[in-house]
Structures are given as C-alpha cells and as structure tokens.
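As the structure is a prediction and not an experimental result, all values here were calculated from the model.
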Amino acid sequence: ASSASMSSRLTALSATSEEYLWCRQEVDKAFDPVHGRRVCAHLIQKVENQHHADRFRDYSKHGIAGRSRTARLFHGTHYYEDIAENGFMMPELKDGAGRYVSVAGSGGVPLMFGSALYFAPAATKGAAFGGPGGALLLCEVELGKTVLLDEADPTLDAESVRRRHGADSVFCEGRTKTAG
C-alpha cells in the first residue's frame, strides 16, 4: 500500500464523547492490589488508520471462518507511534531452544506465550508493560476462539495454537483485578 494509505491520524477525544467517557471509566476503575498501583490518564487520543481498519474488518469477516469475537483490551508500550503508523508486529526472534524471546536489547527474555500480541483486560496490567513514559493503548482485538492456558509456553505461535488447541488466541488468568 502507498504511504498515504498507511498514514495515521491522532485526534484528541472530546471529554464528553462516548469513547472518551468509556475509556476514562475503564482507566479510573483500574487498581492493581498486588503492586498498589492506579493508572492515571493524562491524555486520551484516538488513532485512525484506514489501512489498519480495513485489515481488521477483512480478517474479522473472512480470516477466522465465522468465529469472530472482539473485545476492547489494553496494550502498554513505548512504541505507540510505530504501532499507530505500521500496526502491531509479531515477535520473530527465537533463542537456541526454539523459544520466542523479547528483543535483544532486553536480554532475550522468553515470551510467556511465544510469538503473540499481548493484551490485557485490566488497564493496570497493560500500563505495567508500558512503564514510565509509555502509552496505554485501548484496542479492539479480534480474539476468535480462545483457549485458557495456565502454564507458559514460549514456543507458541499462531500455527501451533490452532494445531494444538484448535483456537485463534490464548487467555491466561492474571493477578491484576479491577475495582468496582
């Protein structure tokens, strides 16, 4: 696609819009009792990228053969500008044991569920991954059929999740809770 079709637009949401109020409510009720943390929203913006919206719609309609199921989930990151412009990128780096690992700059730590995009239902969990100076993205995520796993498997990728579990996505219970 041309660079014009890939371009993103960032718009501050009106404090009275439904999207702003919903997002604000989710962030405000988030509390992590394990670490005693709250998430504070300093700015709420919407990213619009027609190319990504078209890809999402096409995948939801055709890519998962009638198993479409979406959810609004959080993703914490320092790479929000790159994600807004280019979309999410699946991890590809593996160690000698065949485990997917984080980028080399962070020491090549095995990723809990392998080559995946990581989202959380709780704002605090997403914010923990963004850290200071990062961003908390609220995303509409296509889950399809989900399998519940309680043990890490850093060798997983989309193909192995489908083959081993007959699923499109993985969910793992966490310790982070939301208040309210």
Please list, chain by chain and in numerical order, all residues satisfying side chain to side chain contact (heavy atoms under 4.5 Å, CB included) with Ser169, sequence neighbours excluded. Leu143, Thr146
More than 12 foreign heavy atoms under 6.0 Å from CD of Glu81: is that the case here? no
Within a 6.0 Å radius of atom CZ on Arg55, are there more than 12 heavy atoms belonging to other residues, nucleotides or ligands?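 Check fails, neighbour count at 12 or below.
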Point-to-point distance, once rounded to the nearest 0.5 Å, from [atom1] of [X] to [atom2] of [Y]:
X      : Y      : atom1 : atom2 : answer
Phe88  : Ile83  : CZ    : CD1   : 4.5 Å
Asn86  : Asn49  : CG    : CG    : 9.0 Å
Asp150 : Glu173 : CG    : CD    : 9.5 Å
Asp157 : Leu111 : CG    : CG    : 12.0 Å
Leu156 : Arg163 : CG    : CZ    : 9.5 Å
Leu117 : Leu73  : CG    : CG    : 11.5 Å

Tell me whether Asp58 is salt-bridged to Lys61, with the criterion being a basic N under 4.0 Å from an acidic carboxylate O. no
Heavy-atom closest pair, residues [X] and [Y]:
X      : Y      : answer
Pro91  : Ser115 : O-OG, 2.6 Å
Met112 : Tyr118 : N-OH, 3.7 Å
Trp22  : Arg72  : CD2-NH1, 3.2 Å
Ser7   : Glu85  : CA-OE2, 3.2 Å

Please tell me whether Val170 and Tyr59 are part of a single hydrophobic cluster in this structure, the criterion being side-chain heavy atoms less than 4.5 Å apart.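 No; tracing contacts between hydrophobic side chains, which count when under 4.5 Å, never links both residues.
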Show me the side-chain donor-acceptor pairs of residues 129-142 shorter than 3.5 Å, one per line, residues at least two apart or across chains.
from, atom 1, to, atom 2, distance (Å)
Glu142, OE1, Ser60, OG, 2.7
Glu142, OE1, Ser68, OG, 2.8
Glu142, OE2, Arg69, N, 2.8
Glu142, OE2, Gly144, N, 3.1

Would you indicate whether the side-chain heavy atoms of Val147 and Arg164 approach each other to under 4.5 Å?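 Result no, sub-4.5 Å side-chain heavy-atom pair not found.
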The remaining residues in the hydrophobic cluster of Leu21, counting side-chain heavy-atom contacts under 4.5 Å among Ile, Leu, Val, Met, Phe, Trp and Tyr, are Leu13, Tyr20, Ile44
Angle between ring planes, Phe119 versus His75, binned at 30° and 60°: parallel, tilted or perpendicular? tilted
